[in-house]
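Working notes for the structure below.
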Protein chains: 2
Amino acid sequence: MAASTLTEVARLAGVSPATASRVLNGSARTPGPDIAERVRNAAESLGYIPNAQAQGLAKSSSGLLGLIVHDIADPYFSAIARGVQDAAREQGKMVLLATTGGTPADERVAVAAFAARRADSIVIAGSRSTRPADQDGNAELAAELDRYCRNGGRVGVVGHPVVGASASEGYHVVAVPNEELAAELARQLAANHAQEFVIVAGPEGLLTSDDRVRGFQKGLAAAGKPPAEVMHSGFDRAGGYEAGQLLAARIKADQASGAASSRPCIFAVNDVMAIGAAAALRSEGLRIPRDASVAGFDDIETLRDFRPALSTVRLPLEEIGRLAALGTAGNSAADVSAGAVTGQVTLRRSTETPPQVAA
Amino acid sequence: MAASTLTEVARLAGVSPATASRVLNGSARTPGPDIAERVRNAAESLGYIPNAQAQGLAKSSSGLLGLIVHDIADPYFSAIARGVQDAAREQGKMVLLATTGGTPADERVAVAAFAARRADSIVIAGSRSTRPADQDGNAELAAELDRYCRNGGRVGVVGHPVVGASASEGYHVVAVPNEELAAELARQLAANHAQEFVIVAGPEGLLTSDDRVRGFQKGLAAAGKPPAEVMHSGFDRAGGYEAGQLLAARIKADQASGAASSRPCIFAVNDVMAIGAAAALRSEGLRIPRDASVAGFDDIETLRDFRPALSTVRLPLEEIGRLAALGTAGNSAADVSAGAVTGQVTLRRSTETPPQVAA
DNA sequence: ATAAGTCGGGAAAGCGCATTCCCACCGCTC
DNA sequence: GAGCGGTGGGAATGCGCTTTCCCGACTTAT
């Protein structure tokens, strides 16, 4: 028993399909009240559900919004996803989800799939990469997106424009002031930390990571500090843990030798990495903030109960998702500027300097 | 400039649309190699992307899988979503996401929307509710789902069957042994805890919460303990926090009066609530496990670095999502049994009994 | 009262594709 | 060499809906 069709409803109501269509969906023309009533009753009794595919085909617009994330289980992305979902609901759209693991090649595939489904717009979250290995992938992704835009699609990007994308019509990027905020974080940390700074970064070439590293170094410089050492690792908890282990060994060695520069201030470029690093230190018997300061970035909600409370930079993730989705709605140039987002350096216990340990 | 169509490709290749269709999508009939080559080249040069809507219309199957969750930003759901997404990808489907906040009425709307999009299958995650207020919503949801199934849709549910759904064809529920696991947790905790037990539960009528409460009480009984007091609250961190505040006040009063039953063992029916409760205790100056034991349920990944490490029941969330999605794939009755899932009681520091505090 | 102007409804033409049916042509057998 | 099944390609139909166009009936102005 297949779902009933508009035609069936029309027949039961004794009207033409055209009329039925007009009353069941908002058309410019509104049939008479009595007819409308009849049609609505017929639809009701048949349990009529319009076929969105057919509707989409007919008016070439699908009511779909494609969302591309690296990993939906990552709290960073799921927070953004919530914002996107919210905005989509407001626009009466449904969201199509694609997770790609962050490789441009997979992202290209996802874009193509969205294009095939005639998604009205696409939101891409997740860091862009400039790694040489991703170069071809980036080019193809950019080409795919450009084509999508040329065909009338609108795309919203979180963070950086897609590498190599020509700034064609329909592009909207929600700028995240990673660099500025990282600099500000560095400045505030520098005020209380005499010891060396270490940056636990993601893979080189990951734009978000690179920006935060650069900003942090600038902030350090502005505060008259020497640049921090940068350790590259995975952009996730495991990466942070790995770096943390290295650091733990070093700290313990320093402590054993009574060297001056123990108790480093560690800046991990995102909260999840920071947690990983902290876990590594702890598993080596070190304590935070006694033996090291740790700061992250993002202010992931689920991690706010972490102890010691993590110093970080609050980013309005959900809002960012909203803006990215909203930016693809209608309008145009004007809202590009409105797409700016602000964060907030948030110092907590993990970077407190114990008075008794002061230099 | 609209996207190019199959017809255009066919014309450029000098063949009929039928032939073009046959080569570009796997048809039973395969055109000659030379022709296929021509068509493929034409498609390539035109940047042809098949219109999935039209394809869906023509073969009435959309390649869509609808996923319904309460809140995608909740780590519990995002973990499940990852599993679903994975399974969907394997099946060559895309996932449509809907978040409903858990109200049956909204879920009904989501199901209808999925039905309109002719999603091949629907996965519903998130606890069912039997609250009186949701009765009507449940009935409507069940009706909507039944209709969807009758029209050939397949639905996978994690946890409990939808309240009131007739077990029609195409239903698949992934059973989660909440009760058994909660009982086991209670047994294990009872072995080390002489003091009173308190259950921080979700709203009454939330099946998942109710099951875990019931199981825990049974486990307690099996261990010869009196039943635990049950506090109802929100099923989220805020709910846990709220209950935690009440408990903190009580514990402090007990401690002040030197009463015997201080240091309760608190079982929160999910990890997020447990974290909330723990945060509340801590904000009142109480320490875990010194002043109280706390256990949760789910073993949320992001929370594993929480200190003190949270005793909980590990649930293979991602696997659950996979199974739910896979269950809607093809096959039928046989895999219903295969849909069983096992969890693992995991005791950690948060429920350790300090020797020196022993009764 | 008649002409011009609405308004409400229906017929029909797509939207882009899959697929059934049909036909021309091939090599084959007897 | 004529009849045969088989094969590869095209014409046409339909999926369910929107939308333009058209037409009859009604209203209003002269």
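A note on names: the letters A, B, ... follow the listed sequences, proteins ahead of strands, and every chain is numbered from 1. Remember, predicted model here, so these are calculated numbers, not experimental data.
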Check: A/V15 and A/R38 side chains under 4.5 Å, non-hydrogen atoms
yes
Might you list the N or O atoms of the protein lying below 3.5 Å from N or O atoms in nucleotides 22-27 of chain D, with each pair's distance?
none

Spacing of A/R118 atom CZ relative to C/dC15 atom C1', expressed in whole Å
11 Å
What N/O pairs connect the protein and nucleotides 11-13 of chain C at under 3.5 Å? Give each pair on its own line.
none

Proximity to the side chain of A/Y48 - top-ranked nucleotide from C/dC17, D/dC17, D/dG10
D/dC17
Under 4.0 Å between a side-chain nitrogen and a carboxylate oxygen: does that hold for A/R131 and A/D134?
yes
Any residue of residues 49-62 of chain B with a heavy atom less than 4.0 Å from an atom of DNA chain D
B/L57, B/A58
For A/A52, side-chain contact (heavy atoms from CB on, under 4.5 Å) partners two or more places apart
B/A116, B/R117
Counterpart residues, side-chain contact (heavy atoms from CB on, under 4.5 Å), relative to A/A115 (two or more places apart)
A/Y148, B/I49
Got a sec: does the CD of A/Q135 have more than 12 other heavy atoms crowding it under 6.0 Å?
no
In whole angstroms, how far is the C1' atom of D/dT19 from the CG atom of A/L24?
16 Å
Residue pairs passing the side-chain hydrogen bond (donor to acceptor under 3.5 Å, both in side chains) test where at least one lies in residues 42-67 of chain B, sequence neighbours excluded
B/N25-B/Q55
Using whole Å, what does the distance between atom P of nucleotide C/dG16 and atom CG of B/L6 come to?
11 Å
A/R154 with A/D120: basic N within carboxylate O range, under 4.0 Å:
no
From CZ of A/R11 over to C1' of C/dG10, roughly how many Å is that when rounded to an integer?
16 Å
No-hydrogen, no-angle side-chain donor-acceptor test under 3.5 Å, A/T99 and A/D71:
no
Charged N to carboxylate O under 4.0 angstrom, A/R128 versus A/E107?
yes
At less than 4.0 Å, is any side-chain N or O atom of A/S21 found next to OP1 or OP2 of D/dT18? Yes or no.
yes
With heavy-atom distances below 4.5 Å as the criterion, would you say the side chains of B/V123 and B/V155 are in contact?
no
Nearest-0.5 Å distance that lies between atom CG in B/L96 and atom CG in B/L64
4.0 Å
